[in-house]
Amino acid sequence: MTNEQSKVRYYRDKHDAFLHYSDRPFPRCRWWGEREVRFLVIDHVKGGGAEQERTLRGYNICSWLRFNGFPKGYQVLCANCNMAKGTGAYCDVHRRKK
(Lines give C-alpha, C1' and ligand atoms only; values in the text may rest on other atoms or scores of the structure.)
Protein backbone atom coordinates (compact mmCIF):
# COMPACT_ATOMS: atom_id res chain seq x y z
CA MET A 1 0.00 0.00 0.00
CA THR A 2 1.35 3.41 -0.91
CA ASN A 3 1.61 6.33 1.48
CA GLU A 4 -1.25 8.07 -0.35
CA GLN A 5 -3.47 4.99 -0.05
CA SER A 6 -2.69 4.81 3.67
CA LYS A 7 -3.75 8.44 4.13
CA VAL A 8 -6.99 7.86 2.24
CA ARG A 9 -7.79 4.80 4.36
CA TYR A 10 -6.92 6.65 7.60
CA TYR A 11 -9.24 9.56 6.81
CA ARG A 12 -12.02 7.25 5.58
CA ASP A 13 -11.85 5.18 8.77
CA LYS A 14 -11.80 8.34 10.91
CA HIS A 15 -14.79 9.82 9.07
CA ASP A 16 -16.78 6.58 9.30
CA ALA A 17 -16.02 6.13 13.02
CA PHE A 18 -16.96 9.73 13.82
CA LEU A 19 -20.24 9.39 11.92
CA HIS A 20 -21.06 6.06 13.55
CA TYR A 21 -20.43 7.21 17.10
CA SER A 22 -21.98 10.66 16.65
CA ASP A 23 -25.49 9.30 15.98
CA ARG A 24 -26.12 12.32 13.76
CA PRO A 25 -25.89 13.08 10.05
CA PHE A 26 -22.53 14.78 10.74
CA PRO A 27 -19.76 14.24 13.32
CA ARG A 28 -19.99 16.28 16.51
CA CYS A 29 -19.12 16.21 20.20
CA ARG A 30 -21.70 14.29 22.21
CA TRP A 31 -21.51 16.70 25.17
CA TRP A 32 -20.94 20.10 23.65
CA GLY A 33 -21.89 19.74 19.99
CA GLU A 34 -18.57 20.93 18.54
CA ARG A 35 -18.59 20.12 14.80
CA GLU A 36 -15.02 21.02 13.76
CA VAL A 37 -13.56 17.60 12.94
CA ARG A 38 -10.02 18.74 13.77
CA PHE A 39 -11.11 19.05 17.43
CA LEU A 40 -12.95 15.72 17.71
CA VAL A 41 -11.64 12.50 19.22
CA ILE A 42 -12.92 9.00 19.94
CA ASP A 43 -13.57 8.52 23.66
CA HIS A 44 -13.92 5.28 25.63
CA VAL A 45 -17.21 5.74 27.52
CA LYS A 46 -15.99 3.79 30.57
CA GLY A 47 -12.31 4.73 30.29
CA GLY A 48 -9.45 2.43 29.35
CA GLY A 49 -8.22 4.31 26.30
CA ALA A 50 -4.56 4.34 27.32
CA GLU A 51 -4.63 0.61 27.97
CA GLN A 52 -6.24 -0.12 24.61
CA GLU A 53 -3.77 2.18 22.84
CA ARG A 54 -0.92 -0.08 24.03
CA THR A 55 -2.62 -3.16 22.53
CA LEU A 56 -3.57 -1.82 19.08
CA ARG A 57 -0.37 -3.12 17.43
CA GLY A 58 -0.20 -0.88 14.38
CA TYR A 59 -3.87 0.06 14.15
CA ASN A 60 -5.11 3.53 14.91
CA ILE A 61 -8.28 3.51 16.99
CA CYS A 62 -10.58 4.44 14.08
CA SER A 63 -9.24 1.65 11.87
CA TRP A 64 -9.52 -0.80 14.76
CA LEU A 65 -13.13 0.24 15.38
CA ARG A 66 -14.03 -0.22 11.70
CA PHE A 67 -12.24 -3.60 11.52
CA ASN A 68 -14.14 -4.77 14.63
CA GLY A 69 -17.58 -3.66 13.43
CA PHE A 70 -17.81 -0.45 15.49
CA PRO A 71 -18.35 -2.06 18.92
CA LYS A 72 -20.32 -0.34 21.67
CA GLY A 73 -18.63 1.66 24.41
CA TYR A 74 -17.24 4.57 22.38
CA GLN A 75 -18.39 8.11 21.68
CA VAL A 76 -17.18 11.24 19.93
CA LEU A 77 -16.10 14.14 22.14
CA CYS A 78 -14.21 17.33 21.43
CA ALA A 79 -10.68 17.39 22.81
CA ASN A 80 -11.68 19.77 25.63
CA CYS A 81 -14.51 17.54 26.85
CA ASN A 82 -12.30 14.47 26.56
CA MET A 83 -9.56 16.07 28.66
CA ALA A 84 -12.07 17.33 31.20
CA LYS A 85 -13.62 13.88 31.49
CA GLY A 86 -10.18 12.39 32.08
CA THR A 87 -9.64 14.67 35.07
CA GLY A 88 -13.13 14.19 36.51
CA ALA A 89 -13.99 17.84 35.85
CA TYR A 90 -16.10 19.80 33.41
CA CYS A 91 -14.62 21.98 30.71
CA ASP A 92 -15.27 25.72 31.05
CA VAL A 93 -18.04 25.58 28.46
CA HIS A 94 -20.00 23.01 30.48
CA ARG A 95 -19.39 24.88 33.70
CA ARG A 96 -20.97 28.00 32.15
CA LYS A 97 -23.99 26.02 30.91
CA LYS A 98 -24.96 24.85 34.43
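Predicted model only: the values in this text are computed from it and were never measured.
Separation of atoms CD (E34) and SG (C81) is listed at 9.0 Å; rounding is to 0.5 Å. Distance check: K46 NZ to K72 NZ gives 11.0 Å after rounding to the nearest 0.5 Å. Annotation: the span from W31 atom CH2 to N80 atom CG amounts to 11.5 Å, rounded to 0.5 Å. Expressed to the nearest 0.5 Å, how far CZ of R9 lies from OG1 of T2 amounts to 10.5 Å.
Y10 places none of its side-chain heavy atoms less than 4.5 Å from the side chain of R12.
Contact between Y21 and Y74 at its shortest, heavy atoms only, is CD2-O, 3.3 Å. For L65 against A17, the heavy-atom pair with the smallest separation is CD1-CB, 4.4 Å. Nearest heavy atom pair, residue L40 against residue C29, reads CD2-N, 3.7 Å. Residue C62 comes nearest to I42 through the heavy atom pair SG-CG1, 3.9 Å, listed as atom of the first residue, atom of the second, then distance.
In this structure, the side chain of K85 engages the main chain of V45 through a donor-acceptor pair within 3.5 Å. At distances below 3.5 Å, not a single donor-acceptor pair connects side-chain atoms of N82 with backbone N or O atoms of C78.
S63 and N60 share a donor-acceptor pair across their side chains, judged by distance under 3.5 Å alone.
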*Decide side-chain contact (heavy atoms from CB on, under 4.5 Å) for D13 and R66; before the verdict, give the C-alpha distance in whole Å, the side-chain angles of both, and the deciding distance to 0.1 Å.*
CA-CA 7 Å; D13 291 349; R66 181 183 180 88; 2.7 Å; yes
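The aromatic rings of F70 and H20 lie parallel to each other, their planes meeting at an angle below 30°, with 60° marking the opposite boundary.
Hydrophobic clustering, with ILVMFWY side chains joined whenever heavy atoms are under 4.5 angstrom apart, groups F67 together with F18.
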